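All remarks here apply to the structure that follows.
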Amino acid sequence: MAYHTTTQGTLYLLSLMEFDLGSPVLLYGGMEVSTGEDLFFTVSNTIPFEQSMLYPGSITTSVDDPLDMTGVRLNEFDVRARIYKLNGSVTADTTFKATATFPSLDAFTLSGLIVFEASSPRLVRVELSADPQLTLTDFITKVIGGSWDWADEVTNQFAFKRGALYALKPPPNAPDTYTYPYTDPENPSQTIQLKPGYYVEAFLTIFGKYDFAVSLGVTEHTFKLMTRSVQRFDFDFIVLKDAFLEISSTAGHKYFRLGTSVVIMNTPIEGTVSASYDLSRSAFVGSVSVSLGSVELPTGNGSSRQDVTLGIEFTWTRGSGSNSGFRISKLDGLPTNTVDWINDYLSVLNSGSDCRKIVSDWLDGLTETSLKPELNGSPRKNDSGLMEIPLKLNYTIKAVGSQIANNEITFTVKFAIPDSVHDLPNALWTSLVSSSESVIGQMLQQEDTYKAIAEYAALKGGGSAFARFICRALGKGLENLAKALADVAEKLVTKTLAELAELAAALAAVALLGIPALISGLADLFEDLWDWLTGKDKEKEQLANEQLDAARQKIQDAIDKVMAVIRQVKSNVQVQGLTVGIARNGDFHAKWKMDGDSGYNLGDNAVIQYNFQLLQGEIGSHSPIWDGTTIKVCNELRYDVPFDSIPRYEKYGMNASVNAVVKNLTFIYPDTVKGFEVAIDQLAGIDNDKAKEYADDLRCQIEQLKSYNTNGVITDTVYAKAAIPDYMTIGQSRIGQNTRIP
């Protein structure tokens, strides 16, 4: 019908729009009739009509789950339709806009629209907002009402960053391949093909950082998707390429996993790696096995070859590493290697210590140290661009083929990032070998290992080896270790006087441990004693005196350990007999012997000298030195001198004496002396006569020990016996030497 008029105007006719979005929709609006040929229908509060003309409650104000779009509500409708003739038929273009919300979620107010095809609603589309973002957890549990068994605070970081939800209803008798071409009004140059059903088409951002374009299909309260990212994910040592997500909330088939191609240190790994989401670790967890074939490893003095297959596990989560979201969590198959570190052990043991040196011969045979590395954390790239790998190192030490120690330490290797994963084991072991002193330093901090090496060294170095290992343990504050070594060393049979003395010094240092603190506590006890005004003063005084005696005995026991050694040294070098006589050439001749000439071993550095004196009086008498002579220091067991070189030789009666002096032996360490002096001074400071008496006595003994260190150990003096046959003696004369008859 055509209208012809010259009068301009608009007439609104109260009209009804009715359609079905899964539930019936009834809207009242105004049909705009104007002088033009087209009719327009609109729903607007600005169109005047009498509300009483409507059926009460019949108007639709909101629609839930439009076209089965579960969890979505449309309201605040804005409809405009143009009704016109096309090819002789009446048709309409309808624009239907609405506000969209998620009834189960606050803070979401979205824009929605309904697209009609002919007079039937075909498509409902809701645009997602960027703020707030719709998390995957909320979408499943609150929007579509499904279950998300592994939801946690990290999966809440999986969010739909931008995109839309849509529901498409195919026309009756549509083919299985039916799609609907949709043109975005905001971007009319792009048309996309939509599939029938309920979908989310958006960018799913995981960990707030990485985007995947998803088309997620919803079936009732479940969904399933597989989507690929064109983004390349570069981490410190690994690149993920062609990554795709697979998600399903279907009962019995729930999963959330990542599939990807992996490049490790520029080395592509064959096949696709799957990383499933692990709730307990709040991360995607994947693994890959890499066969490296035969790999060359340094051994410290050469190299070895081993077949190596690495098992690499990685996790991808929010904020790990340097906020990269990626870390290597397991690195299995790192090759065990055996190194020759004998010189390295020696270098570490002899560095930074005032103790006497450990001798290389003592460690001969300590050539096999086996190290088994395991990952102890995550590799990372440090600020210098180097690769750092924290390791647990299980080590086994062998000496002459037998295991003497086994334990574990932690150590971090640092090296330039290898050009390929094949170079990783060699780079790791090169770093370990070059860090041998640091590794050994940690190994020697473990008491069982230190003690095992000390005992092995003592097989060759005896008491000296034990003494030097004890000295080093004390220097590092390892008192329990020093005591353990001392317990073993006390049972040792020493071979030389030097090692006997050296070991005594070490044992004295161990015996001193705790004594200054003991005396300090004793001083406090006596200080408090006289403040007690109870009737138990006598009991308290008795207790204090008992503790005083015990403390004094501890110091005395420590000193006695050294004194016993000094007595043994004296006994071993004691001169056993001195004979004097006339040599065939007429010279004065004296000789002496040691312990029946059974022999003795001084050891390293120690020397023995003999103090020989010509004496007045008869042979064998303990008389003063012969006038005009001095003590003669001899290095041999004899002394010869022409008679005429002896002052007033015609009066000389051939009396003499000799003793031995052992020098260059250390019986007590300077630090031990200071420790004793501190304890003795504390003892002397106690307001008690007995304590002061004890202190004076102990101080004298310490001074004596210091003298032995400085002046050596002097044996008892032996006096001469005549070696002249009786038939050559007339009275006191000597045949051929101014023979006279008194």
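Just so you know, these numbers come straight off a predicted model, no measurement behind them.
Screening F160, F108, F102 against F139 for a ring-ring contact (aromatic ring centres under 6.0 Å, His included) leaves a single residue, F160. Each of T109, T101, T99, T61 was scored for a side-chain hydrogen bond (donor to acceptor under 3.5 Å, both in side chains) with E76, with one residue passing: T99.
Judged purely by atom type and a 3.5 angstrom limit, Q442 uses its side chain to pair as donor or acceptor with the backbone of T410. Within the 3.5 Å criterion, the main-chain N or O of L386 finds a donor-acceptor partner in the side chain of N382. Under a 3.5 Å cut-off, the side chain of T267 and the backbone N or O of V421 do form a donor-acceptor pair. Looking at N75, its side chain never comes within 3.5 Å of a backbone N or O of V63 through a donor-acceptor pair.
Residue L165 comes nearest to V72 through the heavy atom pair CD2-CG2, 4.1 Å, listed as atom of the first residue, atom of the second, then distance. Nearest heavy-atom pair, I389 versus P379, reported as atom, atom and distance to 0.1 Å: CG1-CB, 4.1 Å.
F96 and F19 have perpendicular rings, their planes meeting at more than 60° on a 0 to 90° scale where under 30° would count as parallel. The aromatic rings of F158 and F284 lie parallel to each other, with less than 30° between the two planes, well short of the 60° mark.
Counting heavy atoms of neighbouring residues, nucleotides and ligands inside a 6.0 Å radius, atom CG of D332 exceeds 12 of them. Summarising the local packing, CG of N394 is surrounded by more than 12 heavy atoms from other residues, nucleotides or ligands at distances under 6.0 Å.
For T430, the side chain to side chain donor-acceptor pair (under 3.5 Å) test picks out N426, with sequence neighbours left out. In this structure, the side chain to side chain donor-acceptor pair (under 3.5 Å) partners of Y395, at least two apart in sequence or on a different chain, are Q446, T449.
With ring centers used as reference points, Y166 lies 6.0 Å or more from Y180. Less than 6.0 angstrom separates the ring centroid of F326 from the ring centroid of F314.
Between Y198 and T70, the closest side-chain pair of non-hydrogen atoms falls below 4.5 Å.
The OG1 atom of T336 sits 9.0 Å away from atom CG of L334, with the distance rounded to the nearest 0.5 Å.
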